[in-house]
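First comes the structure, then the notes that go with it.
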There are 2 protein chains.
Amino acid sequence: MATTTAAARRDQARRDYDAYLAACPSRMLLDRISDKWVSLVMVALGEGTLRYSELSRQVAGVSQKMLTQTLRSLERDGLVERRVTASVPVRVDYSLTPLGNSLRELMYGVKLWAESHMEEVFVARERYDER
Amino acid sequence: MATTTAAARRDQARRDYDAYLAACPSRMLLDRISDKWVSLVMVALGEGTLRYSELSRQVAGVSQKMLTQTLRSLERDGLVERRVTASVPVRVDYSLTPLGNSLRELMYGVKLWAESHMEEVFVARERYDER
DNA sequence: CTGGATCCTCCATGATACTG
DNA sequence: CAGTATCATGGAGGATCCAG
């Protein structure tokens, strides 16, 4: 397969799927990844492989349940790889797949944006509230 | 003000705010914009100014309540501008601010990603489910 | 046409306890 | 250590009605 084939397939996909339509699968996918835990987990894993416990520390405030749930859905969608090392105690490592990493780059940009533009948002809020 | 000043301020902000911390304002901002309605509305407005009714059609499936609520929060955060034309019936136009547009570009990338990589995600899901 | 106000429902999420 | 199972609940979000 030439590399153009993959690109062509993506172009086709862009024509087939329209995230504006509520029933469209891509819309559901967008809904899924437009999730705070997803973005935080993805960005965290961008820094390399992490164990479950490392992740829960890195992503402060996430409950066990939500972390596990988020990781499962990411694994199912092929964005995250889960590798179990059978030892005592057991060790589980999570890392991004190539597909996951391609999304992570975009999400990292969003996280950076949020951290970079807080001040402007604060100013806007004050102006809005004093009105 | 030189352009470097704005850049320097952003660098400083990146050091001050860490979205991993649950209590950090930037984390709250990230939570806010990691929302399906936010991303869909932002991307829709990227194509230009839209009236309220046009938006509700463009973003299929959104309820009046959520659309209004989303627009209010975006307006408050300085991402969206709301312009009212006093006529009968009244006409309200929404458009992105420069700040909003800077975020929209990132979100558009995410939307495109979702539409482009559906197939790969589907394949991954099947493989995961048949296991 | 563009919402504001209300009511109501259900689901996402958190807390807790337990286990291989 | 890395979860699973269960229960409880707050709040997101939908439906409806009304108004400028």
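Side chains are part of it too, since the values below use all heavy atoms of this structure and drop only hydrogens, waters and symmetry mates. Below, chain A is the first sequence line, B the second, and so on; all start at residue 1.
Contacts between residues 63-71 of chain B and DNA chain C, defined by a heavy-atom separation under 4.0 Å, are made by B:Gln64, B:Lys65, B:Thr68. Sorted by residue number, the members of residues 50-58 of chain B with any non-hydrogen atom under 4.0 Å from DNA chain C read B:Arg51, B:Tyr52, B:Ser53.
A distance of 7.5 Å separates CG of A:Leu55 from CD of A:Gln58, quoted to the nearest 0.5 Å.
Side-chain contact between A:Asp77 and B:Arg125 is present, with at least one heavy-atom pair separated by less than 4.5 Å. Between A:Leu50 and A:Asp93 there is no side-chain heavy-atom pair separated by less than 4.5 Å. For the pair A:Glu115 and B:Leu30, the minimum side-chain heavy-atom distance is 4.5 Å or more. Inter-residue side-chain proximity for A:Met107 and A:Ile33 is flagged as met; some heavy-atom pair is nearer than 4.5 Å.
Listed by first and then second residue, the ring pair (Phe, Tyr, Trp, His ring centres under 6.0 Å) pairs involving residues 55-113 of chain A are A:Trp113-A:His117 (not counting sequence neighbours). Counting only residues at least two apart or on different chains, no salt bridge (Lys or Arg N to Asp or Glu O under 4.0 Å) pair has a member in residues 45-69 of chain B.
The backbone N or O of B:Arg104 sits nowhere less than 3.5 Å from a side-chain atom of B:Asn101 that would complete a donor-acceptor pair. A side-chain donor-acceptor contact under 3.5 Å links B:Thr97 to the backbone of B:Gly78. A donor-acceptor contact shorter than 3.5 Å is absent between the side chain of B:Arg32 and the backbone of B:Leu74. Put simply, the side chain of A:Ser34 never gets that close to the backbone of A:Asp31: no donor and acceptor are under 3.5 Å apart. The backbone N or O of B:Ala44 sits less than 3.5 Å from a side-chain atom of A:Tyr20, completing a donor-acceptor pair.
On the nucleic acid side, DNA chain D has its first and last nucleotide under 4.0 Å of a heavy atom of chain B at D:dG13 to D:dG20, going 5' to 3'.
Note on the helix from C:dC1-D:dG20 to C:dG20-D:dC1: angle between the axes of the first and last five pairs equals 60°, rounded to 10 degrees.
When each of A:Val62 and A:Pro89 is assigned the nucleotide of DNA chain C bearing its nearest heavy atom, the one mapping closer to the 5' terminus is A:Val62.
The pair A:Asp129-A:Arg131 fails the salt-bridge criterion, with no side-chain N (NZ, NE, NH1 or NH2) lying under 4.0 Å from an Asp/Glu carboxylate O.
Rounded to whole angstrom, the span from the CG atom of B:Asp93 across to the C1' atom of C:dG3 amounts to 15 Å.
Using a 4.0 Å heavy-atom distance criterion, B:Val92 is classed as a sugar-phosphate-only contact.
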